[in-house]
Protein chains: 2
Amino acid sequence: MTSVVPLHPGSDVPGLSRYAALASALRARIVAGEWPPGSALPAESLLATQHQVALGTMRRALEQLVNMGLVERIHGKGTFVRQGIAGASMLRLFRFDSGGGEVPQSRILSRQRVHASAAVARQLGVAPGEPVLQLQRLRLLAQRPCLLEDIWLPLDLFAALENSDTQAWGDLLYPQFANQCGVHVHRAVDHIGFALLTGTQAHHLQLPPGHPCVAVERNAHDLTGRCVEWRTTRADAHAFHYTVTIT
Amino acid sequence: MTSVVPLHPGSDVPGLSRYAALASALRARIVAGEWPPGSALPAESLLATQHQVALGTMRRALEQLVNMGLVERIHGKGTFVRQGIAGASMLRLFRFDSGGGEVPQSRILSRQRVHASAAVARQLGVAPGEPVLQLQRLRLLAQRPCLLEDIWLPLDLFAALENSDTQAWGDLLYPQFANQCGVHVHRAVDHIGFALLTGTQAHHLQLPPGHPCVAVERNAHDLTGRCVEWRTTRADAHAFHYTVTIT
DNA sequence: AAGTGGTCTAGACCACTCT
DNA sequence: GAGTGGTCTAGACCACTTG
């Protein structure tokens with residue numbers, strides 16, 4: 001009988017290579033907030049000596065963090081925890097007539113504090129009945145409505161938004177989240193489907209009721225993986241276009 | 001004045017790192033057919049000594065080929081040129097009632113040799129008027145039509161398909177391309193959009209004329225980058241669903 | 001000039017696959 | 001056992017950024 005032997009010599013995490021274990025450990029420290037978004041990690045050489053591994057091994061771990069989208073490395077400057085995603089990401093799904101890469105204007109139609117329905121609670125990962133902030137938002141290109149959004153935000157994170165002046169919010173929401181609430185959207189999952197517009201939805205988009213639309217349901221997450229936003233975006237189905245490459 | 005100096009010592013390709021140059025050279029040999037799809041490259045140690053670089057440098061080059069999707073490496077076995085993509089890739093865009101990961105049945109509705117229209121010629125990258133094979137194909141799940149496809153193939157590659165028995169083709173087209181014509185589809189670009197069904201399209205799909213549909217235009221390419229197929233697939237828009245993760 | 005990440009080396013040893 | 005790819009090391013040197 002032999003005792004259990006690690007996968008690799010010196011590895012203290014059975015079943016994981018050394019660089020993978022290092023990446024996991026660094027990830028935990030990033031998620032815990034030891035290095036906040038935008039800040040720099042220690043130099044790779046320092047991290048290597050601190051963890052008593054060769055430089056190449058530490059580089060490999062950092063490379064894995066890059067692939068996870070957690071950090072980005074800049075030659076000559078350092079290794080930085082990635083900021084939240086910018087926004088305007090919804091427009092990549094559509095081609096509007098005068099949408100030459102410009103950020104659409106944002107108009108908040110309504111904002112109210114509500115109790116989370118079962119569906120909203122499930123999407124946000126909070127208890128049903130918890131207070132959430134509900135927004136309805138219209139986005140316009142060249143003064144023409146193009147996107148209609150219903151947004152739910154957990155109030156414990158976004159209390160600062162409840163009474164601030166929506167006129168001053170600017171056209172992108174995620175920078176707003178970061179500046180006013182310290183919430184960085186790090187990852188978003190979009191479920192794209194097809195539907196027909198209700199009367200009120202159609203009215204906001206200046207389209208006929210029953211008009212075909214694309215409905216994008218988005219769950220946005222922060223670094224820790226917590227869902228910080230649930231959103232449904234609707235737009236004219238004829239404006240939809242998306243390109244995927246298979247390999 | 002100093003003369004132009006390579007980016008890295010020993011690099012014979014200015015502006016490219018050594019491993020990138022190696023990857024490029026290997027890529028050229030793969031595309032040229034020196035190692036056909038499915039075959040193994042020489043061992044990394046052999047390649048390294050042949051090219052007079054350190055093992056780590058050659059590994060880096062091979063890693064880049066993996067990221068390009070050109071080869072796959074199997075621990076203990078070797079490095080293999082990737083086979084063409086399998087097929088059934090269209091179903092990832094839809095959720096049909098009884099579509100539990102099964103391959104839909106394929107029914108060729110028509111096959112004819114035609115002269116490439118301007119549009120078809122442009123998509124396939126051939127001269128207008130060149131002979132092409134046009135297929136119309138219906139795909140069914142649990143005996144119910146779900147996808148209608150119009151397919152154009154350049155005849156110089158696919159002459160073998162012109163007279164073979166379509167009943168014997170099987171439910172996936174790409175394996176057929178590989179087996180009968182030696183054409184390996186290595187990469188496909190799908191443009192997803194929205195449309196309304198014409199009367200005849202609707203009839204094939206057993207839907208009402210004017211019914212909303214998703215139209216997927218696909219350009220499929222082989223290893224050399226040549227477009228070997230142009231296809232438009234149509235299906236009930238209500239069955240469409242797609243998930244994208246942004247990071 | 002000092003500090004950062006990027007490239008490359010030469011070699012040891014481990015893990016997986018097939019015979 | 002022989003051959004393959006995967007991990008790790010210790011070090012040299014290059015390229016980029018900033019002061």
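Any value given below was found using the heavy atoms of this structure, including those in side chains, with hydrogens, waters and symmetry copies removed. Letters go in sequence order (proteins before strands), and every chain restarts at 1. Since we're looking at a predicted model, the values are computed, not measured.
Side-chain contact, B/T233 with B/R218: no donor N or O sits under 3.5 Å from an acceptor N or O. No side-chain donor-acceptor contact under 3.5 Å links A/Y19 and A/E63. Inspection of the A/R187 and B/T247 side chains reveals no N or O donor paired with an N or O acceptor under 3.5 Å.
Between B/I151 and B/L173, some side-chain heavy-atom pair lies under the 4.5 Å cut-off. When side chains are defined from C-beta on, A/H186 counts as touching A/L70, because their heavy atoms get closer than 4.5 Å. For the pair A/T166/A/W169, a side-chain contact is recorded, criterion being any heavy-atom separation below 4.5 Å from C-beta on. Using a 4.5 Å heavy-atom threshold, the side chains of A/M58 and A/L26 count as touching.
To the nearest angstrom, P of D/dG5 lies 13 Å from CG of B/L65. Summarising the geometry, the separation between CZ on B/R60 and P on C/dT9 is reported as 12 Å, rounded to the nearest angstrom. The CZ-C1' distance, from B/R18 to D/dA15, rounds to 17 Å in whole Å. If you take CD of B/E44 and C1' of C/dG11, they are 14 Å apart, rounded to a whole angstrom. Put simply, CG on B/L47 is 16 Å from P on C/dC8, counting in whole angstrom units. Rounded to an integer number of Å, the gap from B/Q52 CD to C/dC8 P is 15 Å. Separating the CD atom of B/E63 from the C1' atom of C/dT7 is a distance of 13 Å, rounded to the nearest angstrom.
Between C/dC16 and B/K77, no contact under 4.0 Å exists linking OP1 or OP2 to a side-chain N or O. Look at A/R73 and you'll find a side-chain N or O under 4.0 angstrom from OP1 or OP2 of C/dG6. At the phosphate of C/dG5, neither OP1 nor OP2 sits under 4.0 Å from any side-chain N or O atom of A/R59. The side chain of A/T57 contributes an N or O atom lying less than 4.0 Å from OP1 or OP2 of D/dT9. Of the side-chain N and O atoms in A/T79, one or more sit less than 4.0 angstrom from OP1 or OP2 of C/dG5. At the phosphate of D/dC8, neither OP1 nor OP2 sits under 4.0 Å from any side-chain N or O atom of A/Y19.
Under the stacking definition used here (centres under 5.5 Å, planes under 30°), the residue B/H75 qualifies as stacked on the base of C/dA15.
Residues A/L55 and A/M58 each lie close to DNA chain D; by heavy-atom proximity, the contact nearer the 5' end of the strand is made by A/M58.
Note that the CZ atom of B/R73 and the CD atom of B/E44 stand 4.5 Å from one another [nearest 0.5 Å].
Relative to the axis of its first five pairs, the axis of the last five pairs of the helix from C/dA1-D/dT18 to C/dC18-D/dG1 sits at 20°, rounded to 10 degrees.
Within residues 24-38 of chain B, no residue is approached by DNA chain D to less than 4.0 Å at the level of any non-hydrogen atom.
Relative ring orientation between A/Y242 and B/Y242 is described as tilted, the plane-to-plane angle lying within the 30° to 60° band.
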